[in-house]
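Read through the structure below, which is laid out as structure tokens, and then see the notes.
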Amino acid sequence: QVQLVESGGGLVQAGDSLRLSCAASTRTVNTNFMGWFRQSPGQEREFVAAISWNSGNTYYADSVKGRLTISRDNAKNTLYLQIDNLKPEDTAIYYCAAKRSDTYYNNQDTYYYWGRGTQVTVSS
């Protein structure tokens, strides 16, 4: 069983930067592809970014391109999400998730494993 644990969230001010981490307990063929999603209060969970462990190819939601950077450290089995120039609308619980491939990468229903999330709150 794969466990994903997010960290790095907190209360920050608009314009700050933050790096979220997601540590995976192990890697299997079902975790070749990983993504970040977020859920704001009263909203549905939405896709943010994703990355292939093997190729390093990255994918972003149009709404966050240019401010968010997804990366991974293969040796540490850790996924990262760098968020720059934070805005109040970035306030959300951020979840990492894992799946086998990049097919339908922005569809949360295709991901096998999920972390519990880390809260990011941005004050104006």
Side-chain angles (χ1 to χ4, degrees):
Q1 183 73 6
V2 175
Q3 292 185 329
L4 305 176
V5 180
E6 302 95 335
S7 61
L11 174 62
V12 296
Q13 296 205 343
D16 287 349
S17 296
L18 205 61
R19 188 175 80 159
L20 306 181
S21 300
C22 171
S25 60
T26 186
R27 285 183 55 195
T28 72
V29 293
N30 289 326
T31 63
N32 280 341
F33 195 83
M34 294 191 71
W36 286 98
F37 289 76
R38 68 184 181 185
Q39 187 167 21
S40 301
Q43 303 292 321
E44 294 194 356
R45 191 157 54 186
E46 64 174 356
F47 169 75
V48 174
I51 189 168
S52 166
W53 275 113
N54 297 325
S55 69
N57 289 342
T58 57
Y59 308 80
Y60 294 94
D62 288 340
S63 61
V64 301
K65 279 183 180 177
R67 290 195 306 116
L68 276 66
T69 305
I70 189 171
S71 63
R72 88 278 193 228
D73 185 327
N74 288 8
K76 295 181 179 180
N77 285 352
T78 301
L79 179 73
Y80 301 101
L81 183 69
Q82 175 75 28
I83 312 174
D84 296 319
N85 189 22
L86 278 152
K87 303 177 180 182
E89 51 264 41
D90 292 321
T91 294
I93 301 174
Y94 285 73
Y95 300 91
C96 71
K99 68 200 297 286
R100 178 185 290 262
S101 73
D102 62 355
T103 307
Y104 303 116
Y105 60 84
N106 59 350
N107 184 338
Q108 61 178 321
D109 293 335
T110 65
Y111 285 77
Y112 300 142
Y113 303 106
W114 289 85
R116 291 191 170 186
T118 185
Q119 175 74 49
V120 173
T121 303
V122 185
S123 63
S124 58

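All of these numbers come straight from a predicted model, not from anything done at the bench.
Shown here are the side chain to side chain contact (heavy atoms under 4.5 Å, CB included) partners of Thr26, two or more places apart in sequence or in another chain: Val2, Thr28.
For the residue pair Asn30 / Arg100, a side-chain donor-acceptor distance below 3.5 Å is found, with atom types taken as modelled. In summary, the side chains of Asp102 and Tyr59 do present a donor paired with an acceptor at a separation below 3.5 Å, with no hydrogens or angles considered.
Leu4 and Val120 fall within a single hydrophobic cluster, where Ile, Leu, Val, Met, Phe, Trp and Tyr side chains are chained together by heavy-atom contacts under 4.5 Å. If you chain together hydrophobic residues whose side chains sit under 4.5 Å apart, Val64 and Ile51 fall into the same group.
With rounding to the nearest 0.5 angstrom, the OG1 atom of Thr118 is 11.0 Å from the CG atom of Leu81. Separation of atoms CH2 (Trp36) and CG (Leu79) is listed at 5.5 Å; rounding is to 0.5 Å. Atom OG of residue Ser124 and atom CG of residue Leu86 lie 12.5 Å apart, to the nearest 0.5 angstrom. Taking OG1 of Thr110 as the reference point, atom CG of Asn106 lies at 8.0 Å (rounded to 0.5 Å). The structure places SG of Cys96 at 10.5 Å from OH of Tyr111, a figure rounded to the nearest 0.5 Å. Here the straight-line distance linking atom CG of Leu68 with atom OG1 of Thr58 works out to 11.5 Å at 0.5 Å rounding.
Remark: Lys99 fails to qualify as a cation-pi partner of Tyr112 under the 6.0 Å distance and 45° angle criteria applied to the six-membered ring.
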Considering only distance and modelled atom types, tabulate donor-acceptor pairs under 3.5 Å from the side chains of residues 18-25, sequence neighbours left out.
| unit_1 | atom_1 | unit_2 | atom_2 | d |
| --- | --- | --- | --- | --- |
| Ser25 | OG | Gln3 | N | 2.8 |

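Counting only residues at least two apart or in different chains, side chain to side chain donor-acceptor pair (under 3.5 Å) contacts with residues 78-89 comprise Ser17-Asp84, Gln82-Asp84.
The environment of Arg116 atom CZ is sparse: at most 12 non-hydrogen atoms of other residues, nucleotides or ligands sit within 6.0 angstrom.
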Ser52/Phe33 under side-chain contact (heavy atoms from CB on, under 4.5 Å): CA gap, chis, key distance, verdict: CA-CA 5 Å; Ser52 166; Phe33 195 83; 4.0 Å; yes
Stepwise side-chain contact (heavy atoms from CB on, under 4.5 Å) check, Tyr60 with Ile70: CA-CA 9 Å; Tyr60 294 94; Ile70 189 171; 3.5 Å; yes
Intermediate values then yes/no, side-chain contact (heavy atoms from CB on, under 4.5 Å), Asn54 and Asn32: CA-CA 7 Å; Asn54 297 325; Asn32 280 341; 3.9 Å; yes
Arg67/Ile83 under side-chain contact (heavy atoms from CB on, under 4.5 Å): CA gap, chis, key distance, verdict: CA-CA 6 Å; Arg67 290 195 306 116; Ile83 312 174; 4.3 Å; yes
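Of the candidates Arg45, Glu46, Glu44, Arg45 is the only one forming a side chain to side chain donor-acceptor pair (under 3.5 Å) with Gln108. Among Gln119, Arg38, Gln39, the one residue that satisfies the side chain to side chain contact (heavy atoms under 4.5 Å, CB included) test with Tyr94 is Arg38.
Considering all non-hydrogen atoms of both residues, Asn74 and Trp53 come closest at OD1-CE3, 2.9 Å.
For Phe37 and Trp114, the ring centers sit closer than 6.0 Å to each other.
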